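Take a look at the structure set out below.
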Amino acid sequence: MSEINTQKILDGITRAISAEWPQSQIFDDEIEHGLRPGDFNVILVTSSQQQIVGERYKRTPLFDVLYYPKNGREDCYKVADTLSLLLNVISLAEGDLLRGTGLDFEVVDGVLHFYVRYTHFVRRGEIGDPMETLEIKQGG
């Protein structure tokens, strides 16, 4: 398994959405050209990190996938159903699979907010050799 970071997860989310809705624009940073109905915006809402053992940490980033509907709430509900299946497990660039948890959604002011967490573990610091090279001297 390769190293997982927030940007790789964000890229996995946007690739999955782009494959399902190729005609839509997907923003993950500033919106340069304005939004159109049918577009998505993926943002990191919050992330937490908890030390588990030694240099091993548990990270839990929460993403909000915003969808700007073409046809009101009904469109939001259809897209939410599809996102529930699509983002349940995403593929990262190196081929690793990552399972989403806490998939929730709500419609606020006519915009779908689809929330998903991708809990994963990371190591901080360098992993060195656990043992030094030993020389054995035999006497006799």
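Predicted model, so just to flag it, every value in this text is computed and none were measured. Residues take their numbers from the sequence shown, with the count starting at 1.
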Min side-chain heavy-atom separation [X]-[Y] under 4.5 Å:
X: D11; Y: L92; value: no
X: L112; Y: L66; value: no
X: S24; Y: I17; value: no

So if you build clusters from Ile, Leu, Val, Met, Phe, Trp, Tyr with side-chain heavy-atom gaps below 4.5 Å, do [X] and [Y] land together?
X: I26; Y: L86; value: yes
X: I52; Y: I4; value: no
X: V45; Y: I9; value: no
X: Y77; Y: L87; value: yes
X: V53; Y: F121; value: yes

Name all pairs fulfilling the salt bridge (Lys or Arg N to Asp or Glu O under 4.0 Å) condition that reach into [range], sequence neighbours left out, sorted by first residue then second.
range: residues 56-65; answer: none
range: residues 67-93; answer: E74-K78
range: residues 39-54; answer: R36-D39

Problem - Any residue meeting side chain to side chain donor-acceptor pair (under 3.5 Å) with D28, in chain and number order, not counting sequence neighbours - result: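 For D28, no residue satisfies side chain to side chain donor-acceptor pair (under 3.5 Å) once neighbours in sequence are set aside.
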Problem - Ion pair check, K8 and E94, cut-off under 4.0 Å - result: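 Here K8 pairs with E94 in a salt bridge, since their nearest N and O are under 4.0 Å apart.
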Handout entry: side chain to side chain contact (heavy atoms under 4.5 Å, CB included) assessment of V79 paired with F114
Key = CA-CA 9 Å; V79 169; F114 187 91; over 6 Å; no
Handout entry: T60 side, atom OG1; Q50 side, atom CD - distance, nearest 0.5 Å
Key =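 One finds 7.5 Å between OG1 of T60 and CD of Q50.
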Please set out all donor-acceptor pairs under 3.5 angstrom arising from side-chain atoms of residues 97-108, sequence neighbours excluded.
from: E106; atom 1: OE2; to: Y115; atom 2: OH; distance (Å): 2.9

Practice task
Determine which pairs satisfy ring-ring contact (aromatic ring centres under 6.0 Å, His included) with at least one residue from residues 37-56, sequence neighbours left out, and list them in order.
Solution key: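 Sorted result for residues 37-56: W21-F40, F40-Y67.
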Practice task
Determine the minimum heavy-atom distance between S91 and R15, stating which atoms define it.
Solution key: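 Scanning both residues, the minimum pair turns out to be O-NH2, 3.0 Å.
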Practice task
Taking all heavy atoms of C76 and all of P69, pick out the closest pair and write down the distance.
Solution key: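 C76 and P69 have their closest heavy atoms at SG-CG, 3.6 Å.
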Practice task
Only counting residues at least two apart or in another chain, list the ones meeting ring-ring contact (aromatic ring centres under 6.0 Å, His included) with Y118.
Solution key: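 If we apply the ring-ring contact (aromatic ring centres under 6.0 Å, His included) test to Y118, skipping adjacent residues, there are no hits.
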Practice task
Return the set of residues passing side chain to side chain contact (heavy atoms under 4.5 Å, CB included) with T6 (not counting sequence neighbours), or none when no residue passes.
Solution key: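 Result, side chain to side chain contact (heavy atoms under 4.5 Å, CB included) vs T6: L44, F63.
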Problem - Exam field: side chain S18 to backbone T14, donor-acceptor pair closer than 3.5 Å - result: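 No; judged by distance alone, with no hydrogens or angles, the pair does not exist.
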